[in-house]
Q: 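Got a structure here, written out as structure tokens. Questions coming.
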Amino acid sequence: EPEVTQTPSHQVTQMGQEVILRCVPISNHLYFYWYRQILGQKVEFLVSFYNNEISEKSEIFDDQFSVERPDGSNFTLKIRSTKLEDSAMYFCASSVAYGRGYTFGSGTRLTVV
Amino acid sequence: DQQVKQNSPSLSVQEGRISILNCDYTNSMFDYFLWYKKYPAEGPTFLISISSIKDKNEDGRFTVFLNKSAKHLSLHIVPSQPGDSAVYFCAASEENYGGATNKLIFGTGTLLAVQP
């Protein structure tokens, strides 16, 4: 069964540092997403990406966040200057078409200290 | 702004019985609904979905019912098995003509415990 792969599984970083979370979506999927889940809270939408550009972003996705699909296979989320409140599980997802269930990766646990 | 609500944080059911998980929504523009299952330290796993043009969708032991007038959906698991023990999230998306977003709005989840 095809999978969405995320690395690393756990990242600890100092406040103010930049982090890059990496994802390899399923190869024939066209739509890519990042979500996050703060401990004990619900899964929240961050950003969607289609045709090499952001199609929608949430209020959470401010100027400190950026996404990139640098080489046609990887899909990255960069947080420029991390804050304590960025600590969460970050999930990458992809879907083959609009209106279809996503496939989520297993997540990266980001801990900002 | 809780557009998707799961009012039961937890549910305990005996093995072999029916599990019924409930979800309510407020946004009448939602037209596609999904259920995901999540184990600790894993990503959500897609279970079953339903379009707003239907009122029922069945896949094996899982059936989702949609009541649009009540803005309510439910997931039935019959028979429940210990391996079904996990957090279940309801999610919804809105038709987005001309766009390519399809973002999901998640509920807060219900922890299902199936007792052997």
Q: Quick check on B/Ala91 against chain A: is it the side chain, the backbone, both or neither that has a heavy atom closer than 4.5 Å?
A: neither

Q: Going only through I, L, V, M, F, W and Y residues with side-chain contacts under 4.5 Å, is there a path from A/Phe65 to A/Phe32?
A: yes

Q: Kindly compute the distance separating OG (A/Ser48) from NZ (B/Lys103), expressed to the nearest 0.5 Å.
A: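 If we round to the nearest 0.5 Å, A/Ser48:OG and B/Lys103:NZ are 8.5 Å apart.
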
Q: Counting neighbours of CG on A/Asn28 that are heavy atoms of other residues, nucleotides or ligands and sit closer than 6.0 Å, is the number greater than 12?
A: yes

Q: Using the rule that two of Ile, Leu, Val, Met, Phe, Trp, Tyr join whenever any of their side-chain heavy atoms come within less than 4.5 Å, decide whether A/Tyr35 and A/Leu30 are in one cluster.
A: yes

Q: When clusters are formed by joining ILVMFWY residues with side-chain heavy atoms under 4.5 Å apart, either directly or through shared neighbours, do A/Ile26 and B/Leu34 land in the same one?
A: no

Q: Identify which of B/Val87, B/Thr108, B/Leu104 forms the greatest number of heavy-atom pairs closer than 4.5 Å to chain A.
A: B/Leu104

Q: When rounded to the nearest 0.5 angstrom, what distance separates CD in A/Glu44 from CD1 in B/Ile105?
A: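 If we round to the nearest 0.5 Å, A/Glu44:CD and B/Ile105:CD1 are 9.5 Å apart.
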
Q: Look at A/Val43, A/Val4, A/Thr103, A/Asn51 and state which one has the largest set of heavy-atom pairs under 4.5 Å with chain B.
A: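 Top count of heavy-atom pairs under 4.5 Å with chain B: A/Val43.
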
Q: For the NZ atom on B/Lys54, are there more than 12 heavy atoms of other groups (residues, nucleotides or ligands in this structure) within a distance under 6.0 Å?
A: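 No, NZ of B/Lys54 has 12 or fewer neighbouring heavy atoms, counting only those of other groups under 6.0 Å.
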
Q: Give me the atom names and distance for the closest heavy-atom approach of A/Phe104 to B/Pro44.
A: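 In terms of heavy atoms, the two residues are closest at CB-O, 3.4 Å.
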
Q: Do B/Phe62 and B/Ile50 belong together in a cluster built from hydrophobic side chains that touch within less than 4.5 Å?
A: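 Result: yes, single cluster for both.
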
Q: Using the ring centroid of each side chain, check whether B/Tyr36 and A/Tyr102 are separated by less than 6.0 Å.
A: no

Q: Do A/Gln37 and B/Lys38 come close enough that some side-chain heavy atom pair is under 4.5 Å?
A: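 Result yes, sub-4.5 Å side-chain heavy-atom pair found.
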
Q: Quick check: is A/Leu39 connected to A/Val112 through a chain of hydrophobic side chains (ILVMFWY, heavy atoms under 4.5 Å apart)?
A: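 Not linked; separate clusters.
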
Q: Quick check: B/Phe106 with A/Phe45 (ring centres under 6.0 Å apart)?
A: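 Not under 6.0 Å, so no.
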
